[in-house]
Amino acid sequence: MDDVSRARYRRILRFAARNLAIEWWYELVLPRIGLAGVAERTRTQRLTRFARRFHALAVELGGLMIKVGQFMSSRLDVLPPEITSELEGLQDEVPPVAFADVRALAEAELGIPLDRAFAAVDETPIAAASLGQAHRARPAAADAAETGIHGVVLKVQRPGIDAVVDTDLAALRRVAGWLRRVRVVRERVDMPALIEEFAQTCREEIDYLHEAAASERFAEDLAGDARVAVPAVLWERTTRRVLALEDVTAIKITDADGLRAAGIDPAEVAPVFASVMFDQLFVHGYFHADPHPGNIFVTPTGGGSWRLTFIDFGMMGEVPPSTRAGLRKALIAAAARDGRGLVDAIRSVGALLPSADVAELERALAALFARFGGMGFAELREVDPREFRDFAAEFGDLARAMPFQLPENFLLVVRAMSLTSGVCSALDPRFNLWDSVEPYAAQLLRDEGGNVVQDVAKEALDAAGLALRLPKRLDGLIGRIEDGSVEVSTPRLDRRLSRLENLARRLGSAIVFSALLIAGAILHAGDAALGGWLMAASALPLLHAVFARGR
């Protein structure tokens, strides 16, 4: 580590140590000497000041600190709103790199002079960020003839960014080690694991070969969707630190005037964009996690037709099948305004511990759906802001009290959906996301029909096994009661007896189901109508045996 890197490393650690010491004093020391009220009264101001100081540090240092702030702003599950709201607008605010330095890095990566690699390169960047910057370029004649690509956006990694990333990650790992020793933090979040998730995301973002491969995978997933276009990769001029993507610049998706000038109604773009994002999340399981307006164009194709063109594939999310199933459940529950179903879906993706008491969470979601469910953005703007503040305060405190930590990819889902909602509302203030969710949820229900049948069959087999084992278990329990060997020593006994009564009721239903089904099958040969009726009627006791729950 050179002198510059060591100075940067120490600067980050000093900032972290100072702010951790302040919080340790207020949150751990003062309550022990009877001054908890002081800590409580000053908490909001302290957290806001911390977020502002971090914002200033991130802008000054650049590098991963910008990404850390953006990452923190998305961690609504583990950080208070005073921090997340202050950092949510943090953007790259860095001066561009001199073109001479860009040229030197690109030529070292490509192995040839830039004038030979490209017919022309615009020295003025079209975007400059803390990790890299982009220039427009025109491929050499041979490359253009071979690939059919006549214009590219050339992304070049910021010189020295590898050392900056290594330094920042080393400092963050050190801070995570400090936090791991604090019991309150350790019980709420696995900081080292969180830092490693963040490190992986950042490493992928500065590896342009990874981004190029991601763009091709994205294009392959959506190859059959005429609504979507993806820029091609000029592989001949792409390395880990240089990326040449086809220049597909068109009308920015939120440029309402530009859309109307092209004969495109912005209100018609919103539902298509929402549907395309839903397909990525719930069908393909691989999605663009940064769909802000600068990364999506509307490209006219003639005759009033158009398509959505995505760019910048540095931040992509992948949802494994098990999590995708949970997300589908969440979508269906949200469309049905089903608070309990939504909580069950959250459990199924592993974000909520099984031991969590979710009664209050279900109540809050039910109240939220009852008051605001189904409202469009125009309607929501008419609601008294005090109602939102009350709900936000209640729900935010409740969410932070629950024992869960959202997985990184789930946060990318939340980010993608949040940006999607914002883009759609910008296109059409009257746009109601529920209108796009509900038909999609209905299709999901139809698609999931086979799985539902399988689940019911599994429950039926479980109930049948239970019916076979229950008489022996009941006989054993009665025998223990008669000989006095059952000792009442725990309050859980009442719950066990209640479950036993429920099992007995379900056993009765299982027996009735079996009787009706067998009788119907026997009679069906001689009297098809009566036999069919009995077999159909057996579904009622079956449903009770499978789904009945104890009080």
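Numbering starts at 1 and runs along the sequence shown.
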Please tell me if the side chains of Asp225 and Arg307 come closer than 4.5 Å, counting only heavy atoms from C-beta onward. no

Looking at Gly69, is its backbone amide N or carbonyl O close enough to the side chain of His55 to form a donor-acceptor pair, meaning the two atoms are under 3.5 Å apart? no

Is Val413 close to Leu281 at the side-chain level, that is, under 4.5 Å between some pair of heavy atoms? yes

Lys/Arg N to Asp/Glu carboxylate O, Arg240 vs Glu211, below 4.0 Å: no

Look at the side chain of His135 and the backbone N and O of Leu154, then say whether any donor-acceptor pair between them is shorter than 3.5 Å. no

Could you tell me whether the side chain of Phe273 reaches within less than 4.5 Å of the side chain of Ile296, counting heavy atoms only? yes

Would you tell me whether Tyr9 and Arg174 have side-chain atoms, one donor and one acceptor, within less than 3.5 Å of each other? yes

Whether the side chain of His292 engages the backbone of Gly294 through a donor-acceptor N/O pair (distance < 3.5 Å, no angle test) should be reported. yes

Do the non-hydrogen side-chain atoms of Val165 and Arg203 ever get within less than 4.5 Å of each other? yes

Before we go on, tell me: are the rings of Phe218 and Phe313 under 6.0 Å apart, centre to centre? yes

More than 12 heavy atoms of other residues, nucleotides or ligands under 6.0 Å from CH2 of Trp25: yes or no? no

Side chain to side chain, Pro139 and Thr147, heavy atoms closer than 4.5 Å: no

Do we get Arg138 above Phe118's six-membered ring, with its NZ or CZ under 6.0 Å from the centre and within 45° of the axis? no

Check Lys67 with Asp168, please: is the shortest side-chain N to carboxylate O separation under 4.0 Å? no

Within 45° of the ring axis of Tyr208 and under 6.0 Å from its six-membered ring centre, is that where the NZ or CZ of Arg241 lies? no

Strictly by modelled atom types, are Arg136 and Thr249 linked by a side-chain donor-acceptor pair under 3.5 Å? yes

State, yes or no, whether a side-chain contact exists between Leu110 and Glu236 at a heavy-atom distance under 4.5 Å. no

Distance-only polar pair, side chains of Arg227 and Ser275, donor-acceptor under 3.5 Å: yes

Looking at every non-hydrogen atom in both residues, tell me the closest pair between Cys424 and Ala270 and how far apart they are. SG-O, 3.4 Å

Is a donor on one side and an acceptor on the other found under 3.5 Å between the side chain of Arg237 and the backbone of Ala117? yes

Does the side chain of Ile311 come within less than 4.5 Å of Leu245's, by heavy atoms? no

So, for His288 and Asp312, which heavy atoms are closest and what is the spacing to 0.1 Å? NE2-O, 2.8 Å

At their closest point, which heavy atom of Ile149 faces which heavy atom of Ala232, and how far apart are they? CD1-CB, 3.9 Å

Is any NZ, NE, NH1 or NH2 atom of the basic residue among Arg46 and Glu27 found under 4.0 Å from an Asp or Glu carboxylate oxygen of the other? yes

